[in-house]
Amino acid sequence: MTLSGAFSAMSYVLFLVFFVYFIALTLFYILLAVIGLVEGMRRSRQSEEENYPLIFLSTVTIPVSIVIPAHNEEDWIEDCLSSVLALNYPKFEVIIVDDESTDKTFEIINKLVGMRPIDMPYIKHYRDGKVRSIYKGIKHPNVTVIRKFAGVKKAGAVNAGLNLASYDYVCSMDADTVLEPDALIKIMAQVEKDPDRIIGIGSYFSLVNGLKVKKGRVVEKSFSYNPIVAYQNMEYIRSFIGNRIAWSKYNAMPIVAGGFSIWRKDVLYELGGFSAEFTCEDIEFTFRAHDYIAKNKEKGYRILMLPYHVGWTEGPSDVVSLISQRERWQRVTDETIWHYKYMFCNPRFGGFAFLALPYFVIYEVLGVFFEVTSIILVAAGWIAGILDVKTFLAFVALMVITQSFVSLLSIFSFTRTHRLFSVSYTCYMIFLSFLESFSYRWINAAAKILGTFRFMKGVKTHDKYKREKRS
Amino acid sequence: MYNYHADIVWKIDAILLAGCLALAALIIINMIIREYLWKRRSRALLGIKENVYEMILSGKGAGREGSIRLLSSSTPQQFLDVSTNRNRELIFFNDSEQEMFKKYYLSPQNLSRLKKIAAGEGDKWRRIEAIMALGYAGAADAVSILKKGLFSKNEDISYFSMISLGQLKSIEASRPLIEFFKKNPLWRYKLVAILENFPAETIEAIIMLTRDKDPSVRSWAVKLMSKFDLTGHINEMKAMIKDNSPDVRAAVCECLGRSGLKSAEDILIIALKDDSWLVRASAAKALSGLLGKKCVPAVAKLATDGSLSVINTVKDIFVSYIDEAIVYVQKFLESGDGMAQQISVEILERSNYIKKILEMLISPDEQDKRRAEHLISGMLKAGAHTGLEGAVELFDERSRVAIIAGMEKIDPGFAEYIDRKMKGDINE
């Protein structure tokens, strides 16, 4: 075989690999989107018909501890806390963990809840860092504030809150998240159907960027037309509605996002709380929970993902911040998958090992390399005169259209169950979906490559990205 | 040059592109239709509200017949919208508006239509709407239809039939629910929430469940019993306190605590010595519910229990009845046991007793003063710091000076620290 013959055979094989990758991915997404659509519609109808006053007035309604870790959150904490205090839920406590803020976070909390220092035993069940002092709310006695020294990442701050949590379910949320008044009651209505088996729950939230928020309530839904924000809104839909609802149906949820997650406290206790050994804590804990589920198979534990819109969170609004955030996400994904590699296609872990994990490895970890390499090879082949222009264009078109198709499928599922975005904003997202492969996808790809590179270097810092102040 | 089946790839591209365009069109059409339907739903509800007002205001006026016709021709979805205010951001109906609407909507024809849909095998969610509407309508004669739904293989139909039966709150409705309670382990939590609102006579049927073989059924049944009047059932409870399952015994304690029956005291005192921590904690909590502050001497014995849950229960009781518990708290502060000391500080903190201690410290009564000194000394040894500091801040300038002077005798270093802090010399 001549050198050019060998080269062409190899490029043909590569072509087939990439071709199969894109087609398989598209088919897989279609399958997930269809399952997600059916399940999402069912959950939405369940919520519409639910008798919420029954939950509100019942003496057996499950109380919830809400833990909010905060480090320099002066621009967001007031809205976050106001929204939490305004929740339509009969019994809950709020534990804010001030993780050595150097700005006015603590003063703002004090203004809102009126704090007095207290002495109380603080029993360390979880790794949390050194606690400086504990305060109780005067205006809101269900609020406790822990001031601690930083150094054990967000995981340490959440763990500090867990040490004081009194109720059986713990909701961990970010300090830049604003909750909808019915967020907790909608989620707990589902938990109360099966509290013996449901150990973790997540739900859909979207970006607050551009919206007008007053005292924890979104008063004007003026969604940002900044493409970076709009693409993220689309990505959240793709991820939460297009994927995770389907994973949840088969108890294969790979991540309960830290922005809003509810876990059963006994499971948190059994597993030793959140780990600070990883860049972020949410994905790793979800994997550990799957390990726990497998070890206690007879109990039939479940992790749920619900399509209910529970709130709004702050997202990056410029390229640099976006790369910083996504690089961190990629790093923690790599770290977690590497750490839990024994789960991969291991029958002990059921659907999670055979569905969610391979998807995560192929798409979230290796996907970026498939995409970038295929583009480079096809372009190189065309430049070198190996490929004709027709093939080159056909392949590029396949990548672009596949991406759009997947996004549109998720948007379709979303609009069947939600009335969140206006028609014009949805049209804008549809338009952007056709351009994603030429713009946003490359930013994400760069972040993913950087994240993988930093993972290999062993970087585990939780770098904060720049967030815009709210109007 | 190679084209690597470019034609096939182009064909796939064309199919996907067509799919994309179709999806984009579908999304937009779907949104427009949904917006239109939403507005129509909103308009229809507004129309109902206007008609209800017309009924209230017009008396026997000319528009009455038309209004009745319009109200009675509403859909089950509209009935639920009005009865439950589930779209309150759209429109809100107050109680009298709801009553007026129900009066005209719930005609025999409409009820029979609802029953027909609820019993049918058609569209699942249409059926569920009818099932829920029957519950909100208080259709007592729909129990058999709802029972059929309750035992349906479809989870959603079963669940919403359960909720709907719960709306009826009648003995007849309780029977299928209790039967279901026995058979379905998943929704017992929800069933307790539903059945706790049922009439007192329901307890007779619930008692049957306490004889079930399954300990989970027995314990949930006892938990449910605690929501009812237990007079006349104390003997059943006495028998159940010897149940093999600690869950059942704990539930019995919980139940007795809520019963208000003085005769339950002896049973609970014995349960304080149970082998299971769950039962001991439940018994302590129940005694506090039953006896109030008089329970303190009995539960104080559990303050050094091996189980943290039991200790937490005792802690809560001490916080509630601090005046009776202060003798024990003082004893624990002086015990030298680090954990007991910390818990004592928390009790003093949570019960707001620290302020009282500081008042005692500056009181002219020497006995009070000495007691306060003892307590503060114990608290400082237990590591109390910020709470004491916070409590000093609650006093006026003159009292603060006196408190700091009093503290100097106990711990000069701490007194100096607080003095400097109050003067603003220390900033943390």
Side-chain angles (χ1 to χ4, degrees), chain A residues 8 11-12 15 19 23 26 42 45-46 48-55 57-62 116-121 123 132-135 192-197 381 385-388 390-391 393-395 397-398 401-402 404-405 408-409 411-412 415-416 419 423 426-427 430 433-434, chain B residues 1-4 6 9-10 12-13 16-17 19-20 23-24 26-28 30-32 34-35 38 80 84 86 125 128-129 132 156 159-160 163 166-167 185-187 189-190 192-194 196-197 223 227 308 339 342-343 345-346 348-350 354 379 383-390 393 428:
Chain A
S8 65
S11 57
Y12 186 63
F15 163 77
F19 183 69
I23 296 299
T26 311
R42 180 177 165 236
R45 284 309 298 260
Q46 282 179 344
E48 192 175 347
E49 304 300 341
E50 184 59 74
N51 182 344
Y52 290 112
L54 179 72
I55 300 168
L57 300 171
S58 167
T59 58
V60 290
T61 291
I62 303 173
R116 65 181 181 93
I118 57 158
D119 283 310
M120 65 187 292
I123 302 161
R132 287 169 64 183
S133 44
I134 302 171
Y135 299 79
E192 285 192 358
K193 283 183 180 176
D194 195 3
D196 287 342
R197 292 196 304 173
I386 298 167
L387 284 181
D388 66 0
K390 200 177 157 190
T391 309
L393 290 176
F395 200 80
L398 178 70
I401 300 169
T402 305
S404 308
F405 190 72
L408 291 171
L409 260 179
I411 296 173
F412 178 68
T415 54
R416 288 291 299 160
R419 284 184 68 252
V423 176
T426 310
C427 287
I430 292 171
S433 77
F434 288 101
Chain B
M1 279 212 191
Y2 300 94
N3 74 8
Y4 291 158
V9 181
W10 273 121
I12 293 170
D13 285 346
L16 280 173
L17 184 63
C20 281
L23 266 175
L26 213 59
I27 292 166
I28 296 166
N30 172 52
M31 281 196 81
I32 292 168
R34 275 173 66 90
E35 279 305 309
W38 184 254
L80 288 173
T84 64
R86 59 185 180 182
W125 289 106
I128 286 171
E129 253 171 13
M132 290 298 283
D156 291 321
Y159 178 79
F160 287 106
I163 301 282
Q167 286 297 118
L186 287 186
W187 298 337
Y189 213 95
K190 206 88 200 181
V192 171
I194 290 169
E196 68 179 342
N197 300 310
K223 277 179 198 166
K227 315 288 173 193
L308 198 61
M339 180 61 127
Q342 275 196 38
I343 287 170
V345 172
E346 189 190 351
L348 293 170
E349 183 69 65
R350 278 176 52 200
I354 295 181
M379 284 172 74
H385 177 73
T386 49
L388 266 174
E389 213 181 290
E393 281 176 21
E428 277 182 333

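Just so you know, these numbers come straight off a predicted model, no measurement behind them. Here is how names work: the chains are called A, B, and so on, in the same order as the sequence lines, proteins then strands, and each is numbered from 1.
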Note, [X] side chain near [Y] side chain (heavy atom, < 4.5 Å):
| X | Y | answer |
| --- | --- | --- |
| B/W10 | A/L393 | yes |
| A/R42 | A/Q46 | yes |
| B/L80 | A/E48 | no |
| A/L54 | B/N197 | yes |

[X] versus chain A, heavy atoms under 4.5 Å apart: side chain, backbone, both or neither?
| X | value |
| --- | --- |
| B/L17 | both |
| B/K227 | side chain |
| B/N30 | side chain |
| B/L186 | both |
| B/Y189 | both |
| B/I128 | side chain |
| B/L308 | side chain |

| request: With a 4.5 angstrom heavy-atom cut-off, could you sort out which part of A/R45 is near chain B: side chain, backbone, both or neither? | output: both
| remark: If one checks every heavy atom of A/F395 against chain B at 4.5 Å, the contacting part turns out to be backbone
Residue among [options] with most heavy-atom pairs under 4.5 Å to chain B:
| options | result |
| --- | --- |
| A/T415, A/D194, A/I430 | A/T415 |
| A/E192, A/R197, A/K193 | A/K193 |
| A/I401, A/T402, A/T26 | A/I401 |
| A/T59, A/I23, A/L57 | A/T59 |
| A/I62, A/I411, A/I55 | A/I62 |

If I compare all heavy atoms of [X] with all of [Y], which pair ends up nearest, and what's the gap?
| X | Y | answer |
| --- | --- | --- |
| B/C20 | A/L408 | O-CD1, 3.4 Å |
| B/D13 | A/A394 | OD2-O, 2.7 Å |
| B/E349 | A/P117 | OE2-O, 4.1 Å |

For the candidates [options], which exhibits the highest count of non-hydrogen atom pairs separated by less than 4.5 Å from chain A?
| options | answer |
| --- | --- |
| B/M132, B/Q167, B/R34 | B/R34 |
| B/I28, B/V192, B/D156 | B/D156 |
| B/R86, B/K190, B/R350 | B/R86 |

Rounded to the nearest 0.5 Å, what separates atom [atom1] in [X] from atom [atom2] in [Y]?
| X | Y | atom1 | atom2 | answer |
| --- | --- | --- | --- | --- |
| A/E50 | B/Y159 | CD | OH | 3.5 Å |
| A/S433 | B/I27 | OG | CD1 | 7.5 Å |
| A/R416 | A/F412 | CZ | CZ | 5.5 Å |

